[in-house]
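These notes concern the structure reproduced below.
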Amino acid sequence: MSNRYGDSNLKIFTLNSNPALAKEIADIVGVDLGKSSVTRFSDGEIQINIEESIRGCDVYIIQSTSGPVNEHLMELLIMIDALKRASAKTINIVIPYYGYARQDRKARAREPITAKLVANLIETAGSTRVITLDMHAPQIQGFFDIPIDHLMGVPILGEYFLEKNLEDIVIVSPDHGGVTRARKLADKLKAPIAIIDKRRPRPNVAEVMNIVGNIEGKTAILIDDIIDTAGTITLAANALVENGAKEVFACCTHPVLSGPAIERIQNSKIKELVVTNSIAMPEEKRIDKLVELSVAPLISEAIIRVHEKQSVSLLFD
């Protein structure tokens, strides 16, 4: 196995959620992807085989827990168990997109907190560290009792918009919860912010209420962490144009884009939707409005810094 990185103890494995991203990360780090296979018993049970020795190695597994989320989560847990039993020195889980994060508190009586449940499962299986990107709520880091490096997608999105040299821009948060994220992008682009006062009567349903801030005649950039059914973001974009915005761009770190999302974006006032490859994008979702940026350089740098025991906080800016 060729190892251009120079340390044969660093190994990177991928599972089925995003092998293209894993390959890109391994290429940048300078190692070949580890050899493993994921097969199914006839009843659907997952069987994993690691096809090389990893005894005493620092292993990094790349796996987004994106749809089908339960399949990908079980693959990850079984892989952790396999690595633990094969005597890996450290088992570092790289989760570009952390699924089940939207249930991060009890908003109503008798609700689960799935973000904490998944953290418990990952830890109990035997993971020694987690590297993740733009969790739905930063406090989910506190659900883990192992080290967690929480990387940010805003610098990647911000660089893209800086290079576009747009004039008279305003950064818009589609709800109150995303104001901190919008503020980070606004600082990078040296732009003001606006907020959409939104009510959500039930999951995946949003109603736009008011726009707080000046958007008249400006180029609006909507930013969110996740775009799922695209109801919120397309309602927001249409409301911005109706209220005098010149044009609307939208961006997010995690393009879940389920159900009617692509159709909604295609028919909306959004000029361009900028996303990252934290979730693998099937060909049928690649519409002309969509621009995909890679998180591989950021994650690769984080892996190298963790492995060489250097500071990761430099990557947060």
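As the structure is a prediction and not an experimental result, all values here were calculated from the model.
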Looking at every heavy atom in both A125 and K84, which two are closest together, and how far apart are they?
O-NZ, 3.1 Å
More than 12 foreign heavy atoms under 6.0 Å from CD of E292: is that the case here?
yes
Around atom NZ of K190, are there more than 12 heavy atoms of other residues, nucleotides or ligands at under 6.0 Å?
no
Is the backbone N or O of A296 less than 3.5 Å from a side-chain atom of S294, with the two atoms forming a donor-acceptor pair by type?
yes
For F41, is there any backbone N or O sitting under 3.5 Å from a side-chain donor or acceptor partner on Q47?
no
Exam field: side chain D134 to backbone G153, donor-acceptor pair closer than 3.5 Å
yes
Passes side-chain contact (heavy atoms from CB on, under 4.5 Å), E71 versus N16? Steps please.
CA-CA 9 Å; E71 288 284 308; N16 285 329; over 6 Å; no
Where A182 and I171 come nearest, the two heavy atoms and their spacing
O-CG2, 3.6 Å
So S258 and D228, side chain to side chain donor-acceptor pair (under 3.5 Å) or not? Walk me through it.
CA-CA 6 Å; S258 66; D228 186 355; 2.3 Å; yes
Judged by atom type as modelled, is there a donor-acceptor pair below 3.5 Å linking the side chain of H150 to the main-chain atoms of P138?
no
Do F13 and I62 share a hydrophobic cluster, counting only Ile, Leu, Val, Met, Phe, Trp and Tyr and linking them when any side-chain heavy atoms are less than 4.5 Å apart?
no
Please determine whether the number of non-hydrogen atoms from other residues, nucleotides or ligands lying under 6.0 Å from atom NZ of K23 exceeds 12.
no
So, taking the atom named OG in S36 and the one named CD in E51, what distance separates them when rounded to the nearest 0.5 Å?
6.5 Å
Any sub-3.5 Å donor-acceptor pair from R102's side-chain atoms to H136's backbone N or O?
no
So does D288 have more than 12 non-hydrogen atoms from other groups sitting under 6.0 Å from CG?
no
Considering only heavy atoms from C-beta outward, does the side chain of Y100 approach that of L117 to under 4.5 Å?
no
State, without any angle test, whether H176 and D197 hold a side-chain donor-acceptor pair at a distance under 3.5 Å.
yes
Can you tell me how far apart CG (N92) and CD1 (I303) are? Round to the nearest 0.5 Å.
8.5 Å
Heavy atoms only: give me the nearest E216-N243 pair and the separation to one decimal.
OE1-O, 3.7 Å
Ion pair check, K246 and E167, cut-off under 4.0 Å
no
Among the clusters formed by ILVMFWY side chains lying less than 4.5 Å apart, do V38 and I93 turn up in the same one?
yes
ILVMFWY network linking L21 to M152, side-chain heavy atoms under 4.5 angstrom
no
Look at the side chain of E111 and the backbone N and O of R108, then say whether any donor-acceptor pair between them is shorter than 3.5 Å.
yes
Are I91 and L76 connected in a single hydrophobic cluster, I mean Ile/Leu/Val/Met/Phe/Trp/Tyr linked by side-chain heavy atoms less than 4.5 Å apart?
yes
Short question: side chain of S278, backbone of Y97 - any donor-acceptor pair under 3.5 Å?
no
More than 12 heavy atoms of other residues, nucleotides or ligands under 6.0 Å from CZ of R105: is that the case?
no
Before you tell me yes or no, could you show the steps for R181 and V154 under side-chain contact (heavy atoms from CB on, under 4.5 Å), namely the whole-Å CA-CA distance, both residues' side-chain angles and the distance that decides it to 0.1 Å?
CA-CA 7 Å; R181 192 177 301 106; V154 166; 3.8 Å; yes
Just to verify, which of T219, I221, I169 counts as forming a side-chain contact (heavy atoms from CB on, under 4.5 Å) with F161?
I221
Close side-chain approach of P255 to I227, heavy-atom, < 4.5 Å
no
Evaluate the side-chain proximity of L257 to M281: yes if any heavy-atom separation is below 4.5 Å, no if none is.
yes
Would you check, one step at a time, whether the test side-chain contact (heavy atoms from CB on, under 4.5 Å) holds for M74 with E45?
CA-CA 9 Å; M74 278 309 293; E45 281 185 18; over 6 Å; no
If every non-hydrogen atom of A82 is compared with every non-hydrogen atom of I48, which pair is closest and at what distance?
CB-CG2, 4.5 Å
Interatomic distance, T128 atom OG1 to D58 atom CG [nearest 0.5 angstrom]:
8.0 Å
Between T124 and L121 (side chain of the first, backbone of the second, donor and acceptor by atom type, cut-off under 3.5 Å), is there such a pair?
no
Is there a chain of hydrophobic side chains (I, L, V, M, F, W, Y, each step under 4.5 Å between heavy atoms) that links M79 to V69?
yes
Atom pair SG/CG of C251 and L222 - distance to nearest 0.5 Å:
8.0 Å
From CA spacing to verdict: side-chain contact (heavy atoms from CB on, under 4.5 Å), Y60, V29
CA-CA 12 Å; Y60 295 79; V29 172; over 6 Å; no
Can you find a pair of side-chain heavy atoms, one from V312 and one from L151, that are under 4.5 Å apart?
yes
Can you check whether K35's main-chain N or O pairs, donor with acceptor, with E52's side chain at less than 3.5 Å?
yes
Locate the shortest heavy-atom distance separating A194 from I215; write the atom from each residue and the value.
CB-CG2, 3.8 Å
Validation row: I299, P96 side chains within 4.5 angstrom (heavy atoms):
yes
When you look at CZ of R55, are more than 12 heavy atoms from neighbouring residues, nucleotides or ligands closer to it than 6.0 Å?
no
Find the distance between CD (Q266) and OG1 (T234) and round it off to the nearest 0.5 Å.
12.5 Å
State, with a plain yes or no, whether a side-chain heavy atom of M135 is found less than 4.5 Å away from one of I148.
yes
Less than 4.5 Å apart, any side-chain heavy atom of L240 and any of K269?
no
Which residue, I193, V179, V212, forms the side-chain contact (heavy atoms from CB on, under 4.5 Å) with S173?
V179
Could you verify whether a donor N or O on one side chain and an acceptor N or O on the other, from S313 and S311, lie under 3.5 Å apart?
yes
Do the non-hydrogen side-chain atoms of I28 and I304 ever get within less than 4.5 Å of each other?
no
So, taking the atom named CG in L33 and the one named OG1 in T14, what distance separates them when rounded to the nearest 0.5 Å?
6.5 Å
Might you point out which heavy atoms bring I270 and K289 nearest each other, and give the distance in Å?
O-NZ, 2.9 Å
Give a yes or no answer on whether the side chain of N70 reaches the backbone of L73 with a donor-acceptor pair at less than 3.5 Å.
no
